[in-house]
Amino acid sequence: MSMKYYITTYGCQLNVHESEKLAGILKEEGYESADDIKDADVIIFNTCAIREGAEDRVFGNVGALKKLKKENKNKIIAVCGCMTQQKEKADKLYKMFPFVDIIFGTSNLYKFKEFLNKKTKRLLAYDEDFNLIGENMPFYRTSGDNAWVNIMQGCNNFCTYCIVPYVRGRERSRKSEDILKEIKEVVREGYKKITLLGQNVNSYGKDCGEICFSELLKKVCEIDGDFKVAFMTSHPKDLTSDVIDVIAKNDKLLKEIHLPVQSGSNKILEKMNRKYTREKYLSIIEEIKTKIPDVRITTDIIVGFPGETEEDFEQTCDLIKKVSYDGIFAFMYSIREGTIAEKMPNQVSFEEKNRRVNKILQLEKEIKKGKNNGNN
Ligand code: 5AD
Ligand code: SF4
């Protein structure tokens, strides 16, 4: 009987895709996927650090593995991802949970095979060098007929609330020829949807003199085959007209744009270091709607950023109504250690953040109802 693995993934699509890489390595090593965590010989938690809640869940769920390890000492338990890319968090997990065998971060994911086969008792692999992406890692794709294709890693934007630039490093684009080769392969394998992934896809190519994002999109669409293309995530400050034009003109591109606004107040946008104003954002939305009439626009909103007053929040609600989004992901601001916003005065209370998030959910419902009744 073959050995089995079970991977639990927290957070964004990039993590889902990286779990596909871990699964690819495990498959190559002869493991099979287990339906139940109890039957697994290798258990992996691929973690997220974006908000406190995500980290708390990891501490709770890893703690619960103690019993499984006690029943079978040969089980290998590994914790990796954005949370363990932070040295203090990795150290804390290592000390708190002696039954965890391997701890590593996003920067050394490509070394997982080496870690798995190491004979040392416990391993805490911490590395700040993000330069090696690990181009030739195997995949075991797990998202139905959608294939995730990573086009870039990292982020240079340093939005003041966000931990991502610290746990994913600076922007690194993959070579367009490697990306196109991978897409040709997945199209040949029969995948019907290709989702291009990156923290800030509109910056593609800027770090290494590669072609720009709109040119990459055009080349992807030139590949023969019956498939659709989506991408995430776009930063409004970098979404240029040429990208909007490619989406408008090319049938292979899905008419969907996820364009996180975060706040509708200029004061808060500035404090967030988002580098656009509400007016600029609304003008991009207008251009998108004019050029792509059947477009679906979705967004991310953070409520309760430090110093957000009722008036600032009202500005966000007003912007939401103006854009009339097709989907909203609303989050309560969560303090992240080491970010600039951590030290900002006037943190908003949990109760107030909760009220604001619920108000946005309500607004989203009303917009949806209006759309179902035939309004815009
Ligand atoms: N608190 C709450 N939400 C956050 N996001 C990023 N950092 C934080 C934070 N500290 C949200 C943003 C981003 C999405 C992926 O997560 O809205 O677009
Ligand atoms: Fe975080 Fe801002 Fe980078 Fe997005 S653009 S990953 S919110 S720092």
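Treat the numbers as computed from the prediction; the structure is a model and nothing was measured. Numbers for residues simply follow the sequence, beginning at 1. Every number for a ligand or one of its atoms is a count from 1 in the order of the listing. All values below come from the heavy atoms of this structure, side chains included, with hydrogens, waters and symmetry mates left out.
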Can you report which non-hydrogen protein atom sits closest to atom 8 (S) of ligand 2, along with the distance? C159 N, 3.4 Å
Which heavy atom of the protein is the closest neighbour of atom 3 (Fe) of ligand 2, given with residue, atom name and distance? C155 SG, 2.3 Å
Out of all atoms in ligand 1, which are within 4.0 Å of some heavy atom of R336? Include the element for each. 10 (N)
Cation-pi geometry met for K27 and Y140 (6.0 Å, 45°): yes
Looking only at protein heavy atoms, identify the closest one to atom 1 (Fe) of ligand 2 and say how far it is in Å. C162 SG, 2.3 Å
Shortest heavy-atom approach to atom 17 (O) of ligand 1 - which of R51, Q262, M232: Q262
Let's go through R355 and E352 carefully: what are the C-alpha distance in whole Å and the side-chain angles of both, what is the deciding distance for salt bridge (Lys or Arg N to Asp or Glu O under 4.0 Å) to 0.1 Å, and is it a yes or a no? CA-CA 5 Å; R355 189 189 68 78; E352 188 51 31; 2.8 Å; yes
Counting only nitrogen or oxygen atoms and a 3.5 angstrom limit, does Y333 reach ligand 1? no
Does only the side chain of P165 get under 4.0 Å from ligand 2, or the backbone, or both, or neither? Count heavy atoms. side chain
For atom 9 (C) of ligand 1, which of G11, S263, S334, G53 has the closest heavy atom? S334
Kindly indicate whether a cation-pi arrangement holds for R51 with F331, taking the cut-offs as under 6.0 Å to the six-membered ring centre and within 45° of the axis. yes
Which residue owns the protein heavy atom closest to atom 7 (S) of ligand 2, what's the atom, and how far is it? Y161 OH, 3.3 Å
Please write down residue, atom name and distance for the protein heavy atom closest to atom 5 (S) of ligand 2. N157 ND2, 3.4 Å
Does the cation-pi check pass for K322 over Y281, that is, NZ or CZ under 6.0 Å from the six-membered ring centre and within 45° of its axis? no
R168 touching ligand 2 at heavy-atom level, < 4.0 angstrom: no
Identify the closest protein heavy atom to atom 2 (C) of ligand 1: which residue and atom is it, and at what distance? M332 O, 3.3 Å
